[in-house]
Structures are given as structure tokens and as C-alpha cells.
There are 2 protein chains.
Amino acid sequence: MAERKRQLVSNELTEAALQLLATKGFDAVTIDEIATAAGVSKRTFFRYFASKEDVVVQFLAGMGVDIRTELAARPPEERPSAALRYAVGVPLATCTAHSERALRVVRLILRTPALHARFLEHQARWRDDLAAELAGRLGLDPGSDLYPRLAAGMALNAFDAVLHRWSGSDGAEDPTGLIDRAFTVIAPALDAA
Amino acid sequence: MAERKRQLVSNELTEAALQLLATKGFDAVTIDEIATAAGVSKRTFFRYFASKEDVVVQFLAGMGVDIRTELAARPPEERPSAALRYAVGVPLATCTAHSERALRVVRLILRTPALHARFLEHQARWRDDLAAELAGRLGLDPGSDLYPRLAAGMALNAFDAVLHRWSGSDGAEDPTGLIDRAFTVIAPALDAA
DNA sequence: GCCGCTCGTGTCACTCGGTGTCAAGACGCT
DNA sequence: AGCGTCTTGACACCGAGTGACACGAGCGGC
């Protein structure tokens, strides 16, 4: 029950934060505002989130592990381009499923330098994870072979490009179609050898 | 003459900052410390640099334009993989030329999340610039074609991987050799079609 | 019933990054 | 000397983030 309440407060906080940040802009909203809007104190906010950026970015935090677990679940004989495409497709599907909310968050992140920076940091971690998974999958040594890191980077780069285009078109363009087009571009490098 | 003095103060500031940050760690150094070490006030520090991260990251700020101008200078008939490889090679050559200093800065950036985030933000801007240059070079429409952004991303991704490996090996591995190996991996995608 | 226990929260005080304001000097010009 | 301009330092201020502590709610043992 204590866990229930914790989740409740957390949701209240993210809800208030997303609402305020999206309308007034990142810098124009203080943490006090968010906290009072959620009915708690500023101190309590920081017991749930490490920073102002965290409220927004933690909203996408699960994507990294989603990508990696999906890659781990793909059949081993599948070519890297296909496996990575499906792995990266998971968070994109989540985006399209909750497009109203996801679009607002993505737009906010891309428009706000501080958020964008944090987001890129997350992505860098995802890339390392993906590279490790990929190296294990292909039996490569990540210490000597550049391929795993480059491949993971290419996949996430494609993911990023699609996200930009998707939010740039206000959700009009289809992420699935975009990611397919992106992967036809990078596939020759992913599947070489 | 006034310009001389400005440059002098700026150098003093970056020197003090790099020294202190590299030894004590990013969070353990206050701006007051850096400023007093350079013989100026905290307020003056912020007249030269926008933020604490800026002192370190602005050290690499020129790289972005270097890459783009080099790409613009490459012969138009050169294949994208070769042109991008040379473009990205420019800042890497600068790194090897001042390896003692560059290595310290790169290590500091990669080790400090806040700095890493800012660095990635810069890179994202470079990528957009590179993509625009590449689109112009190939006569593609960056609004509809994904290739420019993906290609620019791949090149910078390779640059990033090399930088990591270089700093990870304490400068032992040769950046030129690494970037060549990285580009043989991604070239099939860059030169397809 | 009451006593203690823990745990979540609010309050307060504090540090530090970052900004606006202003007055005091340094410099060039006439 | 007297006058703009430009840089600087001093000061006050805001907001992010942290540490310390006291309060109250819930809960098990007596």
C-alpha cells in the first residue's frame, strides 16, 4: 500500500510537470510550481526525481532496456540489420501507441537544450548496452572490434532521425515506414562481411 | 590591444579550469575557485563562458566548423565515405597534434556526465550542419531524404567511437588507423547507390 | 489501551550556478 | 583636463539541489 501511494505521488508529479513544462517552457517553470501543483513540497519532488530534467527524461528511461531485451530475443541467425531494426522498432511502436503524450514529450525534449543533452546521455548508455549485446550475439570482442559500437550507434542514429522527423511532422509521418527507410540506408554497413 | 587582453584572460581562465577540474573532479571545483585561481571575479568568469561546462567544451567548439569546412573543400566527385573520412580526420589530427592536452580534456569529458551531455549536444549540432552540407553536395532534399542525416550521424558516430578508444587506451592507439578501420565498416552504407 | 518504532513528508538553512544592476576604474579621444 | 566607452568587481538576487531535523501516520509488542 505504501508502494501504491509512492506510485500515485510519482504519477501526480510527472503529470503536473509535463503539463506545466509543455505549456510554459522548461526554464519558465520552477520546481516549486510543479511540486505545489502536485500537492507536495519541493523537497519531496527531489525524493522522487533526481533533477528537473529527470521528470521528463525518466518518462523514456525504459526504452533502453526495451531495445536491448528485444535484441536479445531476436533469433541468432537473423541478420544484424533485421534484428536491430526490430529492436529499435519497440520503443517506436510505444511512441505511436501513445502518440498524443509521446509527441508532446519528444517535442519538449528536442526543443529544450538541457533536456536534449540528458536524452543524448541516455542514448549513449543505450548504445553501450546495445553494443555489448551485439558483441555477445556475434561472438566479437568489443575491446578490439569496432563493429559492435558502430552498429549500435547506427541503429540509434536511425532511431533518432526517425524521432526527429516524426515530431517535426507533428506525428503525420509513420515511424514504421521511416525506420524501414532508414534501415535500408544503413543495412549495407550492418550486414557487410 | 583590448582584444589581446581578452584573449589573455580567457586563456588564463581555461588554463586554471582545466588544471583544477582534471585533478579535483568536475563537481568538487566551484567557479569561485577557478576565477580566483585565474585572478578574476566569478562575475567575470561568466562574461567569458556561459557555464561551467563551457570552459571545457568550448575547447573543442571549433571542431564542428572544421569538419564542415573540410567537407565543403573536398572535391565534389569524391565518394561520400572518403570525403567524410577526411572531414572527420581534421579534428582527430588536431587531437593527436596536442595529445597531452587533448587527452586530458577528452578523458574529463567522457568521465563527467554533465560534460558528456554538453559534448553530445555540440555533436548533434555538428551533425545537422554536416547533414546540410552533405545534402547540398549531393543535391538531395534533406526534408525528404534520410540519407544526409544518417550519413552525417554515421561519420560522427565513428568519430565518437575513435575518441573513446583513443582516450581509453591513454593515447596508445593511433586515431588515424582507428578512423580508417571505422570507415571501412560504415563505407558500404555511405557509398551505396 | 499505550509505548516505541519506522518511514514519508514538510520546514528550514545552506551551497552553488547563473544573472541583473550599478558604481568604480582603465583607456582612448579632443 | 574633461569626456565617452568598455571592462571589471561588488552586491543582491533567483532557482536548483542537499543536509538536518522535527512532526505525524502507521504499526507491532507489552
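Just so we're on the same page: letters track the sequence lines, and every chain starts at 1.
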Engineer: Can you measure F45(A) atom CZ to dA16(D) atom C1' for me and round it to whole angstrom units?
Structural biologist: 10 Å
Engineer: Taking the side chain of R43(A) as heavy atoms from C-beta outward, which of dC12(C), dT8(D), dC11(D) is closest to it?
Structural biologist: dC12(C)
Engineer: Without decimals, in angstroms, what is the distance between E53(B) CD and dG17(C) C1'?
Structural biologist: 9 Å
Engineer: Answer yes or no: side-chain N or O of R47(A) and base N or O of dG17(D) forming a donor-acceptor pair under 3.5 Å.
Structural biologist: no
Engineer: Would you please test N157(A) and R127(B) for side-chain contact (heavy atoms from CB on, under 4.5 Å) and show each step?
Structural biologist: CA-CA 11 Å; N157(A) 187 28; R127(B) 190 195 49 202; 4.0 Å; yes
Engineer: Specify the separation, in whole Å, of atom CD of E3(B) and atom P of dC27(C).
Structural biologist: 16 Å
Engineer: Can you measure R118(A) atom CZ to dA16(D) atom P for me and round it to whole angstrom units?
Structural biologist: 14 Å
Engineer: Kindly indicate whether the side chain of R137(B), heavy atoms from C-beta on, has any atom under 4.5 Å from the side chain of R74(B).
Structural biologist: yes
Engineer: Nearest to the S51(A) side chain among dG17(D), dG9(D), dT19(C), which nucleotide is it?
Structural biologist: dG17(D)
Engineer: Which nucleotide sits closest to the side chain of K42(B): dT19(C), dT9(C), dA16(D)?
Structural biologist: dT19(C)
Engineer: Please walk me through it: do L120(A) and Q123(A) pass side-chain contact (heavy atoms from CB on, under 4.5 Å)?
Structural biologist: CA-CA 5 Å; L120(A) 292 174; Q123(A) 260 198 186; 4.1 Å; yes
Engineer: In whole Å, I'd like the distance from the OH atom of Y48(A) to the C1' atom of dA16(D).
Structural biologist: 20 Å
Engineer: Rounded to the nearest angstrom, tell me the gap between atom CD1 in I31(B) and atom C1' in dT19(C).
Structural biologist: 12 Å
Engineer: For D27(A) and dT19(C), what is the distance between atoms CG and P respectively, to the nearest whole Å?
Structural biologist: 10 Å
Engineer: Given 3.5 Å as the limit, does a donor-acceptor pair link the side chain of H122(A) with the main chain of R118(A), or not?
Structural biologist: no
Engineer: Let me spell it out: for each of F26(A) and S41(B), pick the nucleotide of DNA chain D with the closest heavy atom. Which residue's pick is nearer the 5' end?
Structural biologist: S41(B)
Engineer: The side chain of K52(B) lies closest to which of these nucleotides: dG18(C), dG10(C), dG17(D)?
Structural biologist: dG18(C)
Engineer: What nucleotide among dG17(D), dT9(C), dT8(D) has an atom nearest to a side-chain atom of V9(A)?
Structural biologist: dT9(C)
Engineer: Among dG9(D), dG10(C), dT19(C), which nucleotide sits nearest the side chain of F46(B)?
Structural biologist: dT19(C)
Engineer: State which of dA16(D), dG17(C), dG10(C) makes the closest approach to the side chain of T30(B).
Structural biologist: dG17(C)
Engineer: List the residues meeting side-chain contact (heavy atoms from CB on, under 4.5 Å) with Q58(A), not counting sequence neighbours, and say none if there are none.
Structural biologist: F49(A), D54(A), A61(A)
Engineer: Rounding to a whole Å, what distance do you find between K5(B):NZ and dC6(D):P?
Structural biologist: 15 Å
